[in-house]
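Let me begin by presenting the structure, written as structure tokens, before commenting on it.
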Amino acid sequence: MSKKYVQYPLPLTSEEPLSIEKSEVIRSSNNSISHEDRAFHDWYRFVLSYPPHLVRDYIRDFGVNQESVLLDPFCGTGTTVLEAKLNHIRAVGFEANPFPHFASTVKTNWAITPHELEALAEQISDSTYTELLNQGIDDRTLHCEPDVELKKLDEQATRAIIKNSISPLPLHKSLVLFEQIKQFENTPSYKYLVLALGNALVTAIGNLRFGPEVGVGKIKPDVPVVALWLNEVKKMVDDLKWVSGLDYPETHIYLADAREPTGTVKENSIDAVITSPPYPNEKDYTRTTRLESVVLGFFEDMTQLRGFKKTLLRSNTRGVYKTDTDDKWVADIKEIQQIATAIEARRIELGKTSGFEKLYARVTKLYFGGMARHYAELSKILKPGAKLAYVVGDQASYLQVMIRTGQILAEIAERLGYQVERIDLFRTRFATATQTELREEVVVLTWPGLRN
Ligand SMILES: C[S@@+](CC[C@H](N)C(=O)[O-])C[C@H]1O[C@@H](n2cnc3c(N)ncnc32)[C@H](O)[C@@H]1O
């Protein structure tokens with residue numbers, strides 16, 4: 001495979017010569033989101049998702065236009081689909097985790113009158129303040145009578161959230177607010193009101209900290225829950241006013257597994273893909289989204305959670321099952337087998353014996369096998385000549401054995417009949433454990449239309 005590296009941002013025209021591999025530290029602007037890019041995106045986003053301007057750059061580079069259909073098969077919080085819509089391009093997303101699926105659906109659905117949403121939110125905020133005051137809680141002054149009996153999640157749900165991820169009083173107030181919102185379940189505003197609470201829970205009401213892994217930060221015994229939620233709704237109202245009366249294409253986000261796309265989208269219908277799949281790095285997206293998913297009833301217990309986890313690509317040892325077979329897709333790829341062997345040898349050498357550590361080698365094979373299955377199935381829904389961009393990072397999370405994710409994915413895609421155009425460097429990140437710069441890259445592919 002001939003592979004060229006270029007530095008992100010991309011050259012403006014394809015005539016410009018591609019430079020050779022660079023590993024300089026990126027400018028911070030590559031990472032950050034400009035002020036204008038906050039509209040809609042900020043309704044709910046993952047820490048360290050790629051920025052909207054990256055999507056625009058590849059839309060331009062691929063020549064995607066209003067006739068095209070763009071897909072993000074791992075759409076998360078919807079950055080690609082939303083940015084496509086804002087640029088008047090039709091787009092489709094798949095997401096297998098219910099809360100991000102819900103969030104990206106709401107972020108890309110603007111069929112609501114902003115004033116109606118605002119008026120209902122004001123009404124709910126008044127009724128929640130009154131309900132709380134009747135219970136002896138003043139959410140404006142953060143006063144609470146000593147003998148108030150606080151609402152709790154049931155035992156199963158409590159077990160599903162990260163311990164101390166929300167303090168008892170903010171949880172009580174959030175549950176009271178949610179009950180008030182639920183009275184409007186059949187209105188067009190409902191989903192926006194729920195997403196606003198989801199975002200407020202993660203960013204302000206709960207005690208979560210993202211760095212980038214989710215953990216518990218400073219414990220906040222009390223916060224003004226209603227005001228925090230209302231602030232989120234007002235942000236939405238402002239953004240919706242901005243697009244009100246204008247014409248944008250429809251987008252669709254499906255609760256679907258990117259390894260089985262044909263049941264969801266028609267064959268031969270997609271012109272381009274811009275996406276960022278999970279990396280083999282132990283990150284559990286269902287853990288990152290656990291607080292809002294549980295408090296807002298997206299999963300009620302661990303059994304339901306496990307059901308959703310089975311539809312996710314295997315990228316962490318907390319989501320690996322005995323019946324998993326994706327590894328067979330890469331059984332003959334020497335490099336992946338060598339990495340798995342190196343991880344297992346390092347584990348034995350270091351005397352690591354926990355159940356999770358014993359799964360590191362297996363999850364690596366399952367990850368790349370799952371991506372191979374994804375590429376093979378995806379080709380059926382692509383039009384010949386479709387262009388693809390996969391944003392992925394190198395990893396050394398498994399006992400510091402280096403995994404060159406982008407390079408390996410390019411090789412897998414090539415074996416399955418894709419052309420590897422180049423690998424762009426998006427950003428680098430210094431890993432203290434290995435004292436190395438880890439590359440985050442964009443693997444650029446073309447589907448020529450011939451299946452192997
Ligand atoms: C790196 S994140 C994508 C972030 C995204 N670019 C955004 O704007 O938020 C990867 C996403 O893939 C989802 N995912 C993992 N396995 C999946 C699968 N088999 N099918 C569909 N989505 C999957 C995860 O739940 C996660 O939301």
Side-chain angles (χ1 to χ4, degrees), residues 5-14 16 18-19 22-66 68-93 95 100 103-104 107-108 110 199 203 210 212 235-236 238-239 242-243 246 248-249 251 253 271-279 387-393 406 421-429 438-445:
Y5 289 95
V6 299
Q7 173 77 27
Y8 182 89
L10 305 175
L12 285 178
T13 68
S14 51
E16 283 185 41
L18 303 177
S19 54
K22 294 181 185 164
S23 59
E24 65 214 49
V25 177
I26 49 145
R27 286 171 299 129
S28 62
S29 64
N30 268 0
N31 257 331
S32 58
I33 297 197
S34 67
H35 182 68
E36 312 80 79
D37 276 347
R38 296 202 176 277
F40 299 98
H41 289 287
D42 257 10
W43 291 12
Y44 178 85
R45 46 188 325 270
F46 288 154
V47 173
L48 288 185
S49 283
Y50 52 54
H53 62 77
L54 180 140
V55 178
R56 286 197 295 276
D57 285 342
Y58 285 92
I59 284 178
R60 202 179 53 220
D61 186 63
F62 291 171
V64 173
N65 59 35
Q66 291 174 15
S68 317
V69 180
L70 178 62
L71 167 72
D72 184 345
F74 298 94
C75 90
T77 65
T79 310
T80 296
V81 178
L82 177 53
E83 205 47 38
K85 186 174 178 113
L86 286 165
N87 287 280
H88 300 276
I89 291 159
R90 290 177 292 159
V92 179
E95 172 55 51
S104 47
K107 284 169 74 177
T108 49
W110 307 335
N199 203 34
T203 57
F210 293 87
K235 213 162 70 183
M236 293 175 162
D238 284 347
D239 295 345
W242 184 51
V243 294
L246 303 175
Y248 287 91
T251 51
I253 310 229
D271 297 274
V273 171
I274 301 176
T275 193
S276 176
Y279 315 160
K387 300 275 184 205
L388 306 93
Y390 280 73
V391 180
V392 284
E421 302 297 343
R422 52 179 206 268
I423 298 179
D424 299 335
L425 176 62
F426 165 42
R427 55 191 173 193
T428 60
R429 155 175 78 74
L438 292 178
R439 296 170 65 89
E440 202 162 1
E441 300 173 323
V442 190
V443 179
V444 181
L445 309 168

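What's counted below: heavy atoms across the whole structure, side chains too, no hydrogens, waters or symmetry copies. Treat the numbers as computed from the prediction; the structure is a model and nothing was measured. Quick note: residue numbers are just sequence positions, from 1.
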So, T203 and Y44: side-chain donor and acceptor under 3.5 Å apart, yes or no?
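There is no such pair between these side chains.
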
Is the closest side-chain donor-acceptor distance between E440 and Y50 under 3.5 Å?
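No, no side-chain donor-acceptor contact under 3.5 Å.
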
Euclidean distance, [Y] [atom2] relative to [X] [atom1], rounded to 0.5 Å:
X    : Y    : atom1 : atom2 : value
T251 : R90  : OG1   : CZ    : 12.0 Å
L70  : K85  : CG    : NZ    : 13.5 Å
L82  : F40  : CG    : CZ    : 7.0 Å
K387 : I59  : NZ    : CD1   : 15.5 Å
L48  : R429 : CG    : CZ    : 8.0 Å
T79  : D72  : OG1   : CG    : 8.0 Å

Short question: side chain of [X], backbone of [Y] - any donor-acceptor pair under 3.5 Å?
X    : Y    : result
D271 : V69  : yes
K107 : T77  : yes
N199 : W43  : yes
T80  : T275 : no
E95  : G76  : yes

Specify the closest pair of heavy atoms between [X] and [Y], including all atoms of both residues, with the distance to one decimal.
X    : Y    : value
P277 : V392 : CG-CG1, 3.7 Å
P100 : F46  : CG-CZ, 3.7 Å
D42  : K235 : O-NZ, 3.3 Å
A272 : V64  : CB-CG2, 3.6 Å

Between R60 and D57, is the closest basic N to carboxylate O distance under 4.0 Å?
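Judged by the 4.0 Å cut-off on N to carboxylate O distance, D57 and R60 do form a salt bridge.
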
side-chain hydrogen bond (donor to acceptor under 3.5 Å, both in side chains) against [X], all qualifying residues, sequence neighbours excluded:
X    : value
N65  : S68
S104 : none
R56  : D37, E83

Residue from V442, D424, I274 passing side-chain contact (heavy atoms from CB on, under 4.5 Å) with V391
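By the side-chain contact (heavy atoms from CB on, under 4.5 Å) criterion, V391 pairs with just one of V442, D424, I274: V442.
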
When the ring planes of Y248 and H88 are compared, do they come out parallel, tilted or perpendicular, using 30° and 60° as the limits?
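Geometry flag for H88 against Y248: parallel rings.
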
Go through the steps for V273 and Y390 under the test side chain to side chain contact (heavy atoms under 4.5 Å, CB included), then give the verdict.
CA-CA 8 Å; V273 171; Y390 280 73; 4.0 Å; yes

